[in-house]
There are 2 protein chains.
Amino acid sequence: MDTTTPNMAEHLEAIGRRLRQKNMRLTQPRQQVLEAFLNSRRLQTPQEIFNNAREQGINIGLTTVYRMLESLSELNLAKALLLHGEIRYIFCPPEHHHHLICNNCGLVEEVFNCPVVQMPTGSFKSQSHQLDFYGLCSRCQVKDTALNPSGEASK
Amino acid sequence: MDTTTPNMAEHLEAIGRRLRQKNMRLTQPRQQVLEAFLNSRRLQTPQEIFNNAREQGINIGLTTVYRMLESLSELNLAKALLLHGEIRYIFCPPEHHHHLICNNCGLVEEVFNCPVVQMPTGSFKSQSHQLDFYGLCSRCQVKDTALNPSGEASK
DNA sequence: TTATCTGCAAAAGGTTTGCAACTGA
DNA sequence: TCAGTTGCAAACCTTTTGCAGATAA
């Protein structure tokens with residue numbers, strides 16, 4: 001798994017700016033959890049985000065994780081998805097995009113190229129759409145039956 | 001809202017057959033709840049399904065609703081979707097299809113015409129995809145700001 | 001300085017499980 | 001007949017709320 005990427009600082013700064021636009025603050029706990037969240041790139045339940053943070057020595061409350069996910073969701077910086085019957089979150093950019101989701105380890109890749117051209121016809125008035133692809137990431141294709149190549153995302 | 005459609009009986013019979021294939025039974029409570037569920041065509045939380053059934057004089061337990069949703073999901077006859085932050089269920093045919101989901105009342109229409117032609121490239125191996133359109137059904141386009149034209153699906 | 005945020009504990013909700021009685025095939 | 005199902009109550013897990021102290025801007 002990656003360690004902090006070179007542009008992590010910029011990334012966090014950009015998020016901080018967006019938060020401030022909404023009278024929100026990029027506090028230390030938020031920043032620490034965000035770093036872990038950004039690095040993992042896996043769909044995670046609030047519990048998992050919390051556990052991962054704790055494992056990394058970050059002292060944070062579960063409540064804070066929930067509140068952070070709520071704030072990020074409002075800013076379109078996090079998205080909730082259903083995987084394996086549970087609500088899991090992924091940090092993601094606010095632009096229109098789709099996801100490639102690994103059924104095995106929960107890894108998520110973004111796809112900015114939207115293949116949905118033909119909108120539904122009829123009396124229904126579509127305002128948005130959500131498209132996600134489910135399958136296996138390159139890593140899990142190799143390990144295949146292995147249970148959790150990179151974490152605890154699958155049940 | 002519709003009342004029992006002419007082919008409801010056939011529909012239930014087909015479901016009964018599928019259930020029996022899996023050593024499951026189409027019992028009276030299941031049948032009654034299914035009728036209500038099929039008629040509503042709205043995304044509903046287990047609680048809502050339960051409440052609706054009770055309102056219609058069907059004596060059933062919440063537990064049974066949960067277990068039925070689990071069984072139907074295994075058979076690909078029900079699907080869980082996230083709407084307004086809650087997990088809601090819709091009864092749906094096992095064939096590949098997409099949904100038009102009304103953000104206001106939770107009404108769901110199926111679309112069997114799949115507009116996803118271009119699959120993602122790269123090392124990710126896609127096994128399936130899910131595409132849903134969110135917007136307003138014809139009814140809610142008219143009433144627009146009205147809160148719950150046809151039920152209690154929105155929060 | 002002060003509005004926002006924090007962690008904790010408690011409350012509130014949602015979902016699952018254990019069980020004895022019941023029922024469909 | 002009897003495996004599968006039922007409703008209820010209790011257990012369990014997830015999410016939200018209240019609050020006094022801490023903190024970013």
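Residue numbers begin at 1 in each chain, while the letters A, B, ... track the order of the sequences.
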>> Check this for me: does any side-chain nitrogen of one of B/Arg41 and B/Glu109 sit under 4.0 Å from a carboxylate oxygen of the other?
In response: no
Applying a 4.0 Å non-hydrogen cut-off, can you work out what [X] is touching in the nucleic acid: base, sugar-phosphate, or nothing?
| X | result |
| --- | --- |
| B/Thr27 | sugar-phosphate |
| A/Arg54 | sugar-phosphate |
| B/Ile87 | nothing |
| B/Arg20 | sugar-phosphate |

> When the nearest nucleotide of DNA chain D is assigned to A/Pro29 and to A/Tyr66 on a heavy-atom basis, which residue is associated with the more 5' position?
Replying inline: A/Tyr66
Quick one: [X] [atom1] to [N] [atom2], roughly how many Å, whole number?
| X | N | atom1 | atom2 | value |
| --- | --- | --- | --- | --- |
| A/Gln47 | D/dT14 | CD | P | 6 Å |
| B/Asn23 | C/dA25 | CG | C1' | 11 Å |
| B/Met24 | D/dT5 | CE | P | 6 Å |
| A/Leu62 | D/dC13 | CG | P | 14 Å |
| A/Glu86 | D/dC13 | CD | P | 12 Å |
| B/Leu19 | C/dG24 | CG | C1' | 12 Å |
| B/Arg67 | C/dT23 | CZ | C1' | 14 Å |
| B/Ile58 | D/dT6 | CD1 | P | 13 Å |

>> If you assign B/Pro46 and A/Asn59 each to the DNA chain C nucleotide with the nearest heavy atom, which residue ends up on the more 5' nucleotide?
In response: A/Asn59
> Can you check whether A/His98 and A/His129 have ring centres sitting under 6.0 Å from each other?
Replying inline: yes
> Would you say C/dT6 has OP1 or OP2 under 4.0 Å from some side-chain N or O of A/Arg30?
Replying inline: yes
> For the side chain of B/His11 and the backbone of B/Leu38, is there at least one donor-acceptor N/O pair under 3.5 Å apart?
Replying inline: no
> If only atom types and distance count, is the side chain of A/Glu35 paired as donor or acceptor with the main-chain N or O of A/Gln32 below 3.5 Å?
Replying inline: no
> Picking from A/Val65, A/Leu62, A/Ile60, what satisfies side chain to side chain contact (heavy atoms under 4.5 Å, CB included) with A/Ile49?
Replying inline: A/Val65
